[in-house]
*Asks:* 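Structure provided below as structure tokens; questions to follow.
Residues: numbered from 1 along the sequence shown.
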Amino acid sequence: MKNTKIICFFTIIFFLITAPVFSQATIENLSKKVNDFSGAMLKSLPFNSTIGLNWSDAYIGKLFPSIPPHFGIGIAAGATTMPVTSLKGLTDLFNINVPSLAVGLPLPAYVMEGRIGGLFLPFDIGVKFGFLNENELLAKTLDGMNIRYQLIGADIRYSLEPGILPIKASIGLGYNRLEGGLSKTLKGYGQSFSFFGNTLNISNPDLGFIWETNMLELKAQISIPLIIITPYAGAGVSYAWSKAGYQVKSNLSVNDGESIDSYVNFIKQLGITNITSTGFEQIIKDKDWNMRLFGGLSLNMALIKLDFTGMLNVRDGGLGFTLGLRFQL
């Protein structure tokens, strides 16, 4: 494979799994390195799912019902990072030199978002949705790589009147679901991995990474609405159910064309799951608490607001940044 420049998460992953192996890798090493990488990703997925709905206003609307109700609609895009050390273990296995990324490995995301408040009682409701499906045009642009991405979420925030004008404050509860994957079919490509003195052969594989997270978050925020800008800060505590791993679909054989059936139990001992003559996978799961800090400011231009948000993942030190543009009444 051509030695292309690694510019984003998707390119990095497929560069490493399709690059030639200079020395035969073992299934045990592959399993361990992928497990380390997936474990690091599991810590970062819930953080990435919080992109969107981080509006500068701690609450939109008034403390009493208003006609018409206050609402906003817009788009937000950005990225969060995960530690690059977990990726280095994989790239070292494949003798690939990955450029040093000081801030970590970027995980991009985008959403369309909307919020309405001031209906009755001092609360507002927000929803978000981002979607990217596998399509032929995108696959051609990315050299046959298929990307699947979906991020949905919603929250409800209750206004707390601190009595210190012009400060606004709120507490809220949100739900986010992020799932995605990337895959590529490698025609004419072959690879082999050793195990217990044997060799597992893979030919013309369909390779893919998959990930998914569901998370609930309790959050609090304050903001100071000024004429031109609105600075804000907040924190969230969450609990998430996540999974991540890879899949290989291929006609598998052992040694010089033997059936894999007699070797399945041996390979499973090395961490590989659901292995058959047509492929295998390695999926790990995680349930855990997390905490994030976020803040930034918006530029207020009549009915248009431009949001700049920075975030910190307390669990693994990952960083995040988003840019949002919205119409708000």
Side-chain angles (χ1 to χ4, degrees), residues 41-61 63 70-72 76 78 80-82 107 109 111 113-130 150-164 167-179 211-225 230-243 285-298 307-322 324 326:
M41 194 170 185
L42 289 175
K43 297 178 181 179
S44 303
L45 287 173
F47 183 51
N48 185 259
S49 75
T50 61
I51 286 180
L53 293 181
N54 297 304
W55 292 21
S56 58
D57 298 291
Y59 165 75
I60 69 170
L63 296 181
H70 291 243
F71 71 92
T80 60
T81 66
M82 60 178 286
L107 304 176
V111 290
E113 53 186 2
R115 191 179 291 280
I116 186 169
L119 294 172
F120 58 91
L121 299 180
F123 74 91
D124 64 22
I125 299 174
V127 294
K128 64 182 182 182
F129 179 75
Q150 185 181 85
L151 174 58
I152 60 174
D155 69 8
I156 180 170
R157 303 185 304 180
Y158 188 84
S159 175
L160 301 175
E161 181 58 56
I164 306 174
I167 295 177
K168 289 184 177 181
S170 67
I171 57 172
L173 179 66
Y175 166 77
N176 298 306
R177 174 179 172 80
L178 170 66
E179 62 175 312
W211 55 87
E212 178 184 309
T213 188
N214 292 272
M215 63 95 78
L216 290 172
E217 181 180 50
L218 181 65
K219 56 186 177 180
Q221 180 180 341
I222 61 171
S223 62
I224 306 175
T230 300
Y232 58 100
V237 177
S238 61
Y239 190 79
W241 300 260
S242 308
K243 65 180 182 180
K285 300 180 180 180
D286 181 62
K287 298 179 182 179
D288 210 343
W289 294 91
N290 194 18
M291 179 178 180
R292 69 173 176 126
L293 305 176
F294 63 94
L297 59 85
S298 66
D307 261 315
F308 301 88
T309 303
M311 301 189 296
L312 171 66
N313 186 352
V314 175
R315 186 178 182 187
D316 68 359
L319 302 176
F321 176 80
T322 64
R326 69 181 186 274

*Asks:* Can you tell me how far the CZ atom of R177 sits from the CD atom of E179, to the nearest 0.5 Å?
*Replies:* 4.5 Å
*Asks:* Salt bridge check, K43 against D286: does any charged N sit closer than 4.0 Å to a carboxylate O?
*Replies:* no
*Asks:* Is the backbone of G174 close enough, under 3.5 Å, to the side chain of E217 for a donor and an acceptor to pair up by distance?
*Replies:* no
*Asks:* How far does CG of L107 sit from OG of S49, to the nearest 0.5 angstrom?
*Replies:* 11.5 Å
*Asks:* Within the distance-only criterion (no hydrogens, no angle test), does the side chain of T80 pair as donor or acceptor with the backbone N or O of L319 below 3.5 angstrom?
*Replies:* no
*Asks:* How close do L151 and I51 get, counting heavy atoms only, and between which atoms?
*Replies:* CD2-O, 3.9 Å
*Asks:* Can you find a heavy atom in the side chain of I171 that is under 4.5 Å from one in the side chain of L160?
*Replies:* yes
*Asks:* Among L42, L178, N214, whose side chain to side chain contact (heavy atoms under 4.5 Å, CB included) with S242 holds?
*Replies:* L42
*Asks:* Looking at every non-hydrogen atom in both residues, tell me the closest pair between V111 and G52 and how far apart they are.
*Replies:* CG2-CA, 3.7 Å
*Asks:* Flag the pair L216 / Y239 as yes when at least one side-chain heavy-atom distance between them is below 4.5 Å, and no otherwise.
*Replies:* no
*Asks:* Atom OH of Y232 and atom CG of L297: how far apart are they, to the nearest 0.5 Å?
*Replies:* 7.0 Å
*Asks:* For a side-chain contact (heavy atoms from CB on, under 4.5 Å) check, start with the C-alpha distance between I156 and F123, then their side-chain angles and the critical distance, and finish with the verdict.
*Replies:* CA-CA 7 Å; I156 180 170; F123 74 91; 3.8 Å; yes
*Asks:* If you look at every heavy atom in A240 and T213, which pair is closest and at what distance?
*Replies:* CB-OG1, 3.9 Å
*Asks:* Could you walk me through whether W241 and K285 pass the side-chain contact (heavy atoms from CB on, under 4.5 Å) check?
*Replies:* CA-CA 8 Å; W241 300 260; K285 300 180 180 180; over 6 Å; no
*Asks:* If I take atom CZ from residue F71 and atom CD1 from residue I116, how far apart are they, to the nearest 0.5 angstrom?
*Replies:* 8.0 Å
*Asks:* Cationic tip of R292 within the cone over F294's six-membered ring, i.e. under 6.0 Å and within 45° of the normal?
*Replies:* yes
*Asks:* For A235 versus L293, what's the shortest heavy-atom pair and its separation?
*Replies:* CB-CD2, 3.8 Å
*Asks:* Between S223 (side chain) and A58 (backbone), is there a donor-acceptor pair under 3.5 Å?
*Replies:* yes
*Asks:* Are D288 and R315 ion-paired here, with the side-chain N under 4.0 Å from a carboxylate O?
*Replies:* yes
*Asks:* Just by modelled atom types, is the I60 backbone N or O under 3.5 Å from a matching donor or acceptor in the D124 side chain?
*Replies:* yes
*Asks:* To the nearest 0.5 Å, how far apart are CZ in F129 and CD in Q150?
*Replies:* 5.0 Å
*Asks:* Applying the side chain to side chain contact (heavy atoms under 4.5 Å, CB included) test to R115, which of R326, K128, R157, H70 qualifies?
*Replies:* R157
*Asks:* Could you go through the side-chain contact (heavy atoms from CB on, under 4.5 Å) check for T309 and F321 one step at a time?
*Replies:* CA-CA 6 Å; T309 303; F321 176 80; over 6 Å; no
*Asks:* For a quick check under 3.5 Å, do N54 and D307 share a side-chain donor-acceptor pair by atom type?
*Replies:* no
*Asks:* So how far is it from I224 CD1 to T230 OG1, rounded to the nearest 0.5 Å?
*Replies:* 9.5 Å
*Asks:* Is there a side-chain contact (heavy atoms from CB on, under 4.5 Å) between N176 and T50 once you walk through the steps?
*Replies:* CA-CA 7 Å; N176 298 306; T50 61; 4.0 Å; yes
*Asks:* S298 versus F308: any side-chain heavy-atom pair under 4.5 Å?
*Replies:* no
*Asks:* I'd like to know if the side chain of D316 and the backbone of G318 have a donor-acceptor N/O pair within less than 3.5 Å.
*Replies:* yes
*Asks:* So M291 and S238, do their side chains get closer than 4.5 Å, heavy atoms only?
*Replies:* no
*Asks:* Provide the closest heavy-atom pair for G317 versus L312 in the form atom of the first, atom of the second, distance.
*Replies:* O-CD1, 4.0 Å
*Asks:* For M215 and P46, which heavy atoms make the closest approach, and how far apart are they?
*Replies:* CE-O, 3.8 Å
